[in-house]
Enquirer: 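My structure is below; once you've seen it, I'll send some questions.
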Amino acid sequence: MKKHNFSAGPCILAPEVINGASKAVLDFNEMNLSLLEISHRDKNFVEVMDEARELSKELMCLDEDFEVLFLQGGASLQFCMAPYNYMNEKGKAGYLITGTWAKKAAAEASLFGEIENIGSSEDKNFNYIPTKLNIGNELDYFHCTSNNTIVGTQIKKFPECKVPLICDMSSDIFSRNIDFNQFSMIYAGAQKNLGPAGATLVAVRKSGLGKTLRQLPSILDYRKHIKSESMFNTPPVFSIYTSLLSLRWMKKEGGLDVIEKRNDLKANFIYKEIDRNNLFSGTANFEDRSTMNACFLLHNESLKEKFNTLCKEAGITGINGHRSVGGYRASMYNALPLGSVETLVDVMKHLEKIS
Ligand SMILES: *Cc1c(COP(=O)(O)O)cnc(C)c1O
């Protein structure tokens with residue numbers, strides 16, 4: 001039987017996505033060729049790219065100003081592509097520092113211009129999302145991280161802002177239905193709700209580009225990627241095809257409203273147990289708890305080994321907390337069934353009973 005996979009990323013994918021991807025590796029579109037051995041300019045793959053871009057736009061209800069790209073270099077490359085494309089020479093950008101990834105994004109941007117910390121929760125080990133933000137109109141853009149994968153916090157309401165709003169949605173893209181048109185640029189590594197590592201989804205407003213005088217290397221210029229319809233160079237075909245299968249799966253399941261309801265249900269289920277069971281406690285501020293990554297501690301060190309063994313016996317994997325936080329982290333991405341969360345909760349209850 002397949003394991004209950006709570007891995008934070010790369011992570012669980014829907015069974016039909018894994019099956020479809022495996023099939024395409026052996027024989028793609030009945031071409032008698034593998035997806036991995038055809039030209040990316042072949043009509044069969046160009047259609048994959050076009051559909052993946054279109055379907056992403058459709059699921060997020062993005063307006064016509066948006067283009068969706070599938071680029072390489074992970075979310076980490078976007079940490080520097082964003083300032084490259086949006087920050088003026090001697091410019092200034094605002095960053096919301098809500099975790100390790102946000103901090104890394106700000107550190108990269110600081111190579112391009114001045115960075116203003118608009119808010120930070122580092123004083124409490126990033127266990128909350130700062131509010132009452134003062135985002136100045138003089139900034140070139142404001143950057144935030146929608147879901148903090150490592151500490152398990154999530155922005156529920158994005159701040160009003162007059163400057164371009166840029167968001168790293170790597171670990172909660174397509175997990176809920178929000179107004180995606182409030183952003184100027186959204187990016188997400190594929191490997192947390194979409195597919196295998198290798199592709200990064202970038203949704204970008206055309207009207208916001210080309211406003212700086214900075215000279216850009218072609219491969220880092222969103223306009224070049226848009227112009228070549230996300231085929232500026234050889235794209236990571238396997239990651240993009242698998243992402244397309246996930247996008248089709250999400251649409252078939254009923255779109256982001258349905259996915260969001262399921263994710264809420266799973267998150268409520270585990271947090272209820274974390275709050276009820278005296279052996280455990282959650283680490284993130286109540287209102288800011290992530291629906292994707294639930295972080296919690298087991299207080300009694302001497303029960304740890306028992307808990308780990310029980311989890312293993314139940315087929316649970318991937319729940320160790322990030323090395324910077326410790327404890328446990330149950331990541332519940334779109335494809336994780338409620339049954340897996342129920343199994344984990346059963347183990348938590350069982351531990352309580354026998355201790
Ligand atoms: C995983 C993650 C990243 C890093 O993504 P890479 O594709 O490995 O560069 C960045 N931001 C967030 C929020 C993440 O969860």
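Count residues from 1 along the sequence. Start at 1 and go down the list; that is how both ligands and their atoms are numbered.
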Enquirer: Centres of the Phe280 and Tyr328 rings: under 6.0 Å?
Expert: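 They do not qualify: ring centres at least 6.0 Å apart.
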
Enquirer: Salt bridge (Lys or Arg N to Asp or Glu O under 4.0 Å): which pairs involve residues 309-328, sequence neighbours left out?
Expert: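 For residues 309-328, and leaving out neighbouring residues, there are no salt bridge (Lys or Arg N to Asp or Glu O under 4.0 Å) pairs at all.
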
Enquirer: Per the salt bridge (Lys or Arg N to Asp or Glu O under 4.0 Å) rule, what does the pair list look like for residues 1-20, sequence neighbours excluded?
Expert: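 Residue pairs with at least one partner in residues 1-20: Glu16-Lys252.
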
Enquirer: Could you name the protein residues that come within less than 4.0 Å of ligand 1, counting only heavy atoms, and order them by chain and residue number?
Expert: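 Shell around ligand 1 (4.0 Å, heavy atoms): Gly74, Ala75, Ser76, Phe79, Trp101, Thr145, Asn147, Thr149, Asp168, Ser170, Ser171, Gln191, Lys192.
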
Enquirer: Test of understanding: with salt bridge (charged side-chain N to carboxylate O under 4.0 Å, His left out), list the residues that count as partners of Arg276, not counting sequence neighbours.
Expert: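 With sequence neighbours excluded, Arg276 shows a salt bridge (charged side-chain N to carboxylate O under 4.0 Å, His left out) to Glu273, Glu352, given in chain and number order.
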
Enquirer: Does atom NZ (Lys156) have a neighbourhood of more than 12 heavy atoms from anything else shown, all under 6.0 Å?
Expert: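 Yes, because the 6.0 Å sphere around NZ of Lys156 holds more than 12 heavy atoms from other groups.
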
Enquirer: Are the side chains of Leu111 and Cys80 in contact, using a 4.5 Å heavy-atom criterion?
Expert: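 A side-chain contact is absent here, since even the closest heavy-atom pair is not under 4.5 Å.
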
